[in-house]
Amino acid sequence: MPYWEDFLWNTIIMVNLKKQRWMNALQMFRNMQFSFAKVTGGTIVKLLQACGKVGALNEGKQIHGYVLRCRLESNLSISNSLISMYSRNDRIELARRVFDSMEKHSISSWNSIISGYAALGDLDDAKNLFNKMESPNFKPDIITWNCLLSGHSLYGSYETVLTILQRLQGAGFKPDSCSVMSVLRAIIEVGFFNFGKEIHGYVIRNKLDYDVYVETSLVDMYVKNDCLKKAHTMFHNMKNKNIVAWNSLISGYSFKGLFQVAETLLKEMEKEGNKPDLATWNSLLSGYSIRGHKEEALSVIHRIKRSGSTPNVVSWTSMISGSTQNENYRDALEFFIQMQADNIKPNSATMCSLLQACAGLASLKKGEEIHCHSVRLGFVDDIYVATTLIDMYSNAGNLKMAHIVFRKIQSKTLASWNCMIMGYAIYGKGEEAIILFAEMCQMGIRPDAITFTALLSGCKNSGLIEEGWNYFDSMKKEYNINPTIEHYCCMVDLLGRAGYLDEAWDFIQMMPLKPDASIWGALLISCRIHKNIELAETAARNLFELEPYNSANYVLMMNLYSTLNRWEDVERLKDLTTVLSVKSQQPVWSWTQVNQTIHIFSAEGKPHTDEGEIYFELYKLVSEIRKLGYQPDIDCVYQNIDDNEKEKVLLSHTEKLAITYGLMKTKSQAPVRVIKNTRICHDCHQAAKYISLAQSREIFLKDGVRFHHFRGGD
DNA sequence: ATAGGGTTAG
């Protein structure tokens with residue numbers, strides 16, 4: 001093999017690498033082996049770097065094989081590159097094997113393996129190796145310290161980052177630009193932006209290496225701190241603007257909904273010869289998506305394709321999560337289909353957004369589907385996915401499954417405990433919520449404000465007054481958490497529903513926050529239940545003032561008047577709503593899924609095609625359950641009609657129709673699942689109890705607030 | 001000659 005041919009191969013590979021055509025370069029390496037040319041050490045190192053960068057593990061392994069065949073492992077640079085290649089491909093155990101098999105180590109070897117552990121979040125192993133390397137031969141240098149810093153800025157706490165920074169200085173090193181970057185990252189993560197500004201000053205005062213990375217990170221810090229002006233001036237003064245800085249600024253404007261500026265910046269950067277990359281497009285797209293501009297977001301997808309690139313996981317997850325957050329759950333599922341059609345593999349973030357969409361739809365079947373998907377793709381061990389699964393199952397009607405997922409989590413986070421407690425709460429299982437709370441405290445996990453919202457909701461839905469009261473007191477006393485309006489609302493609801501209306505009133509008078517609509521709403525609902533007209537009128541007066549266009553308040557009040565047969569007051573309120581032209585109440589609907597179809601029963605919309613048959617079946621059911629003791633509760637009808645008519649109206653409640661249809665269409669013993677968008681009335685609640693007994697079928701009914709589980713008349 | 005630490009998008 002003539003020397004010039006070896007040289008040619010090496011040169012071609014190097015040129016490809018330099019032009020960032022990683023895959024081309026790796027292909028060249030393969031071709032070259034067939035012609036038995038020799039690669040130089042430098043080329044191998046560069047190739048291995050490329051494998052680390054693009055995640056080409058298999059190519060990296062091939063190069064490793066080549067290294068072993070040619071006995072190049074004694075070359076320290078090559079072995080060190082192998083360590084780095086494996087750890088960048090998340091295969092730290094292989095990196096460790098290379099490290100352990102080396103006869104000699106250099107300081108770079110130590111730094112490579114420590115960096116590997118730190119970058120994967122294995123901070124203990126990184127620290128152990130750090131201690132091990134300290135010997136007469138080796139002393140940690142600034143790079144070793146920065147490896148620890150970087151690891152802790154990603155996976156550790158803000159405090160540990162600062163401690164390491166101090167120890168680094170104690171060991172006689174001066175923080176360089178990489179150290180500053182890690183500290184900045186920790187600051188952005190925690191949101192201590194004031195300290196970020198101090199660091200900015202520190203960098204300038206100490207004339208630290210003020211390179212393009214530090215500059216970009218500072219721009220990004222100001223963007224994330226909502227100081228777009230400051231970020232823009234800094235960006236403007238950058239000598240060498242890089243694409244990352246452009247992207248950061250564009251993401252800032254897009255996120256704030258200032259799309260004009262974002263688009264102008266995009267044009268400017270193109271004019272200055274920077275081709276937008278995927279991060280640029282995704283920065284723009286996420287803003288559109290999260291603010292509900294579906295069409296614009298979709299058009300960015302097309303612009304990406306037109307620019308010759310392919311929308312990636314982040315692009316699609318943006319689309320999905322934006323839809324979910326705007327409560328367009330169907331869109332979210334639709335985008336997932338499009339994403340799969342484009343052959344883009346979802347990751348755990350995608351799964352979380354999808355599961356949230358299923359929770360929003362309360363669609364158990366879809367949720368189970370996404371769960372299976374996550375299992376197949378190996379995402380169920382991800383703590384975020386697992387926590388979202390708990391949330392999905394408790395919102396879609398399978399508390400048992402939520403509990404199974406919860407128990408399987410190895411290292412539970414505060415969020416997972418909170419979700420599970422909330423799960424019990426929405427099922428009205430207050431005792432279980434309390435037991436779980438106690439277990440959580442025993443594990444040494446400190447509850448936060450959200451924990452107490454969940455716990456108090458549990459007490460509220462189960463009527464556990466004394467317990468709720470005690471927990472409310474302990475919030476401030478034992479845990480030093482200031483109750484928010486949500487906690488006060490739970491208490492008003494708890495007291496009011498139990499009939500302690502005067503106590504609820506006193507409670508409202510004593511609370512240090514200004515009562516908002518939710519507080520008065522809770523009181524009004526309690527007043528309706530217990531038919532207390534005086535307090536109801538006070539609550540309503542406040543509500544009409546706070547939200548004059550919320551029809552639900554007027555309806556509640558009219559219901560109360562009608563229960564007391566005060567029809568002239570009902571008319572008066574009706575006139576008031578006409579004068580104010582309050583939009584009528586949201587349509588009431590229930591739905592149930594039979595096979596792959598969702599059947600919607602709406603109070604106003606068009607009737608179901610099988611309506612006659614359903615009513616026939618329902619009449620049969622009602623006469624059956626009457627024998628078991630069911631009594632229609634005509635107090636649930638707020639029309640000025642006679643009692644026989646009222647009983648007829650009760651039969652037309654959408655949840656009864658949905659339950660009946662579910663029973664008719666499913667023969668098996670599977671539970672019937674019905675979702676209703678508003679609260680279930682007392683009569684339907686009673687009827688469902690008896691139906692579950694008469695038909696020996698479980699019935700799950702989710703209403704606007706919580707879950708009801710009927711089994712054997714319970 | 002050729003190693004090790006860093007910036008943006010969900």
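This is a predicted model, so every value here is computed, not measured. Within every chain, numbering begins at 1; the chains are lettered A, B, ... in the order of the sequence lines, protein sequences first and strands thereafter.
One finds no side-chain N or O of A/Q49 lying less than 4.0 angstrom from the OP1 or OP2 phosphate oxygen of B/dT2. Look at A/K53 and you won't find any side-chain N or O under 4.0 angstrom from OP1 or OP2 of B/dG6.
In the interface, the side chain of A/N242 is paired with the base of B/dT7 through a donor and an acceptor atom under 3.5 Å apart. With hydrogens and angles ignored, no donor-acceptor pair under 3.5 angstrom links the side chain of A/S84 to the base of B/dG4. A donor N or O paired with an acceptor N or O is found under 3.5 Å between the base of B/dT2 and the side-chain atoms of A/S77.
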What pairs of donor and acceptor atoms, side-chain ones from residues 47-66 of chain A against any protein atom, are under 3.5 angstrom apart with sequence neighbours left out?
unit_1	atom_1	unit_2	atom_2	d
A/E59	OE2	A/R30	NH2	3.4
A/H64	ND1	A/Y86	OH	2.7
A/Y66	OH	A/V39	N	3.4

Could you give the side-chain donor-acceptor pairs of residues 164-171 of chain A under 3.5 Å, partners two or more places apart or in another chain?
unit_1	atom_1	unit_2	atom_2	d
A/Q169	NE2	A/Y202	OH	3.3

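Shown for residues 282-307 of chain A: residues whose heavy atoms fall under 4.0 angstrom of DNA chain B, namely A/N282, A/S283, A/S286.
Every residue meeting the ring pair (Phe, Tyr, Trp, His ring centres under 6.0 Å) condition with A/H293, not counting sequence neighbours, appears here in chain and number order: A/F259. Contacts of A/Y158 classified as ring pair (Phe, Tyr, Trp, His ring centres under 6.0 Å), with partners at least two apart in sequence or in another chain: A/F192. Checked against ring pair (Phe, Tyr, Trp, His ring centres under 6.0 Å), A/F195 has no partners two or more places apart in sequence or in another chain.
A/N111 pairs with exactly one of A/N146, A/T144, A/N80 by the side chain to side chain donor-acceptor pair (under 3.5 Å) rule, that one being A/T144.
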